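What follows is a set of notes on a single structure, which appears directly below.
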Amino acid sequence: MAQVPQTFFDALAVRTWCGLALESLGRAREEIDAINVYPVADGDTGTNLYLTVESAVAAVEAVFTAYDVGRPTLADAARAMAHGALIGARGNSGTILAQLLRGMAQVLAGDGETAHTDGSGLRLALRHAADSARQAVAHPVEGTVLTVASAAADAAGGAEGGDCGAVARAAYEGASAALAATPGQLAVLERAGVVDAGGRGLVAVLGALVETFTGEAVPVVVSGAHARVEPEAEECADTPDESGPAFEVIYLLEAEDAAVDRLRERLDGLGDSLVIVGGDGLWNVHVHVDDAGAAVEAGVEAGRPYRIRITHFGAGDVHTTGAERPPRERAQRAVVAVVPGEGLAGLYGEAGATTVLARPGEPPASGELVEAVRRAHAREVVLLPNDAELRHTAAAAAEQARAEGIRVALIPTRSAVQGIAALAVHEPERRFDEDVVSMTSAAGATRYAEVAVAERQSWTMAGICQAGDVLGLVDGDVAVIGTDVTATAETVLDRMLSAGGELVTLVLGDEAPETIAEHLEARVREAYLAVDTVVYRGGRQGALLLIGVE
């Protein structure tokens with residue numbers, strides 16, 4: 001459904017912007033990773049930006065969920081966005097983006113009683129964001145995300161019109177022009193034939209801001225950039241600069257301002273790419289060093305560091321603080337699957353899969369998927385997201401797991417019934433690539449549908465539905481609007497089987513009518529010869545019924 005534009009910058013606009021930014025970064029993540037050659041060619045800028053915004057989205061959603069009646073103030077939502085980005089910031093660009101969002105939040109939340117702000121407030125927020133991000137970097141370099149942020153603020157300041165849409169569009173266009181010029185400012189970008197990766201990510205975030213206030217998706221801007229690293233630049237992109245520091249060190253730090261000032265001086269002498277963002281007693285510290293232990297010790301002297309993450313450039317070794325698992329031999333291969341209900345979790349578990357439960361309205365974050373991959377304790381992992389909306393989240397999780405030395409294949413299953421089909425042909429004894437191909441083929445050959453109840457009036461592919469209507473969705477789109485659950489399910493099943501099929505899978509939710517499975521099984525026996533039916537209990541899975549046809 002089309003995005004409804006926001007007129008002012010209020011709490012709902014913050015929520016909408018964060019969600020659209022996450023979607024935009026999800027689509028651009030691989031492209032941004034591919035052009036990541038500065039400050040270190042480690043190919044993870046797109047993933048880091050995605051994870052940073054994902055944390056901001058989760059924090060904003062938590063604030064909205066806390067309100068049973070009404071909605072949070074602009075200050076509440078802006079502070080949550082900034083805090084979420086701060087604690088979830090990853091990498092150099094993610095840390096700078098967190099400071100950009102914090103700088104905006106400081107202006108947007110300046111008056112806690114203000115319900116919204118207009119274009120003039122957005123101008124001020126963008127300016128303060130760019131300035132505060134530049135101040136957070138020990139040695140600012142032009143041709144980076146800092147240059148793009150400053151250009152966005154400059155363009156916003158000269159925007160004609162006082163509405164947020166005009167200001168956001170001016171900022172986006174200014175950032176896009178600055179991004180295209182970055183190869184002329186940094187020799188490493190020019191040699192690789194790419195624009196700055198962090199700046200490309202910021203342009204995606206600003207594009208989401210335009211869509212928030214206009215309802216119009218902006219075109220993907222790659223002017224002056226290659227969508228991927230060209231062959232002559234591949235060596236530069238894939239091989240770390242051996243003359244640079246060996247480790248990236250990141251941690252959250254609880255400390256006073258004066259202690260952080262001393263920490264900046266200490267870390268600046270130890271390495272480079274130093275960025276310290278935050279305030280009010282909580283900071284996110286990022287630095288590249290040869291002596292990782294000294295960087296952590298400096299944090300201990302300043303306050304209480306935690307969530308310490310040390311990455312050895314080029315080796316993919318990631319070390320984090322926390323309890324260690326008991327040593328045990330890794331299995332060769334495992335399957336990790338997201339499932340919508342307890343019943344399916346049991347079914348998948350019986351088949352040997354490690355499961356992540358996705359409760360209605362609470363999709364798992366990439367961190368949960370990464371932890372499940374670790375919990376599977378295997379050298380090779382097949383990841384089944386089982387939801388089209390989780391595709392980017394699962395891709396980011398797979399990228400993190402690969403950085404830890406785990407071979408991960410993501411099969412883009414869009415429903416749990418496709419996951420069941422993939423799991424049915426899984427054979428751990430086969431070669432990994434052959435197993436993945438077989439599972440992908442089985443999932444792709446399975447059409448999927450669900451029957452659910454509409455929560456509100458909305459436009460659909462089948463017309464306008466009212467709250468309480470029964471919806472039949474086929475391959476993700478509303479195909480049938482009805483009033484009776486069983487009748488709607490039968491119509492959906494008939495449509496799916498009209499194209500043929502050999503096996504029907506029915507997964508019943510707790511609130512599905514008691515007789516619906518019996519009715520549908522009888523319908524298949526009477527009308528479709530040689531088609532088998534299997535029925536599973538899904539539990540509290542959100543949808544009343546899931547249907548798969550292979």
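Not measured: the values here are computed from a predicted model. Residue numbers count from 1 along this sequence.
- Between Glu190 and Val188 there is no side-chain heavy-atom pair separated by less than 4.5 Å.
- The closest side-chain heavy-atom distance from Ile547 to Thr505 is not below 4.5 Å.
- Counting non-hydrogen atoms of other residues, nucleotides and ligands closer than 6.0 Å to NE2 of His128 gives a total above 12.
- Using modelled atom types, no side-chain atom of Arg191 and backbone atom of Leu186 make a donor-acceptor pair closer than 3.5 Å.
- Taking both residues in full, the closest heavy atoms of Val167 and Gly119 are given as CG2-O, 3.7 Å, listed atom of the first, atom of the second, then distance.
- Here the closest heavy-atom approach between residue Ala105 and residue Ala82 is recorded as CB-CB, 3.8 Å.
- A side-chain donor-acceptor contact under 3.5 Å links Gln418 to the backbone of Ala443.
- The shortest distance between side-chain heavy atoms of Thr182 and Val148 falls below 4.5 Å.
- Residues Asn386 and Thr413 bring a donor and an acceptor atom of their side chains to less than 3.5 Å of each other.
- For Ser438 (side chain) and Glu434 (main-chain N/O), no donor-acceptor pair under 3.5 Å exists by modelled atom type.
- In this model, a donor atom of one side chain and an acceptor atom of the other lie less than 3.5 Å apart for Thr73 and Asp76.
- Each of Leu384, Thr393, Leu369 was compared with Val338 under the side-chain contact (heavy atoms from CB on, under 4.5 Å) criterion, and only Leu369 meets it.
- Partner of Val335 under the side-chain contact (heavy atoms from CB on, under 4.5 Å) criterion, out of Thr355, Leu383, Val382: Val382 alone.
- Taking the side chain as every heavy atom from C-beta outward, Leu390 and Pro363 approach each other to under 4.5 Å.
- With salt bridges taken as basic N to acidic carboxylate O contacts below 4.0 Å, one links Asp33 and Arg29.
- Between the side chains of Tyr50 and Asp44, no donor N or O sits under 3.5 Å from an acceptor N or O.
- Between the side chain of Arg307 and the main chain of Leu252, no donor-acceptor pair closer than 3.5 Å is present.
- Side-chain atoms of Glu173 never come within 3.5 Å of backbone atoms of Ala170 as a donor-acceptor pair (strictly under, hydrogens ignored).
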Could you walk me through whether Glu371 and Val373 pass the side-chain contact (heavy atoms from CB on, under 4.5 Å) test, one step at a time? CA-CA 5 Å; Glu371 182 54 38; Val373 171; over 6 Å; no

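- Annotation: Arg407, atom CZ; neighbour count of heavy atoms from other residues, nucleotides and ligands within 6.0 Å is above 12.
- No close placement of the Phe8 and Phe213 rings is indicated, their centers lying 6.0 Å or farther apart.
- In summary, the side chains of Thr95 and His286 do not present any donor paired with an acceptor at a separation below 3.5 Å, with no hydrogens or angles considered.
- Note that Arg15 lies in the cation-pi zone of Phe64, set by a 6.0 Å cut-off to the ring centre and a 45° limit from the axis.
- By the 4.5 Å heavy-atom criterion applied to side chains, Val287 and Ser273 are not counted as neighbours.
- Ion pairing between a basic and an acidic side chain is recognised when a charged N comes within 4.0 Å of a carboxylate O; Glu216 and Arg169 show such pairing.
- Ion pairing between a basic and an acidic side chain is recognised when a charged N comes within 4.0 Å of a carboxylate O; Glu389 and Arg414 show no such pairing.
- A salt bridge links Glu404 with Arg374: the closest approach of a Lys/Arg side-chain nitrogen to an acidic carboxylate oxygen falls below 4.0 angstrom.
- You'll find the side chain of Leu209 stays beyond 4.5 Å of the side chain of Tyr172, heavy atoms only.
- In this model, a donor atom of one side chain and an acceptor atom of the other lie less than 3.5 Å apart for Ser366 and Glu54.
- A donor-acceptor contact closer than 3.5 angstrom links the side chains of Thr45 and Asn36.
- For Arg402 (side chain) and Val408 (main-chain N/O), a donor-acceptor pair under 3.5 Å exists by modelled atom type.
- Of all non-hydrogen atoms in Gly199 and Leu179, the two that sit nearest each other are C-CD1, 3.6 Å.
- Rounded to the nearest 0.5 angstrom, Arg379 CZ and Ile406 CD1 are separated by 11.5 Å.
- Checking side-chain atoms of Asp475 against main-chain N and O of Tyr448 turns up a donor-acceptor pair under 3.5 Å.
- Listed here is the closest heavy atom pair of Ala89 and Asn284: CB-ND2, 3.5 Å.
- In the model, Arg134 has a side-chain atom that pairs as donor or acceptor with a side-chain atom of Ser150 under 3.5 Å.
- Looking at Ser55 and Ile87, their side chains come closer than 4.5 Å, going by heavy atoms from C-beta outward.
- Thr117 contributes no side-chain N or O that, together with a main-chain N or O of Leu108, makes up a donor-acceptor pair within less than 3.5 Å.
- The two residues Pro72 and Ala11 have their closest heavy-atom pair at O-CB, 3.2 Å.
- In summary, the side chains of His392 and Glu23 do not present any donor paired with an acceptor at a separation below 3.5 Å, with no hydrogens or angles considered.
- Thr47 and Glu399 share no donor-acceptor pair across their side chains, judged by distance under 3.5 Å alone.
- Within the 4.5 Å cutoff, no side-chain heavy atoms of Val453 are placed close to those of Leu471.
- The two residues Leu423 and Ala351 come nearest to each other via the heavy atoms CD2-CB, 3.4 Å.
- Ser132 places a side-chain N or O within donor-acceptor distance of the main-chain N or O of Ala129, the cut-off being under 3.5 Å.
- At least one donor-acceptor pair closer than 3.5 Å links the side chain of Arg102 to the backbone N or O of Gly278.
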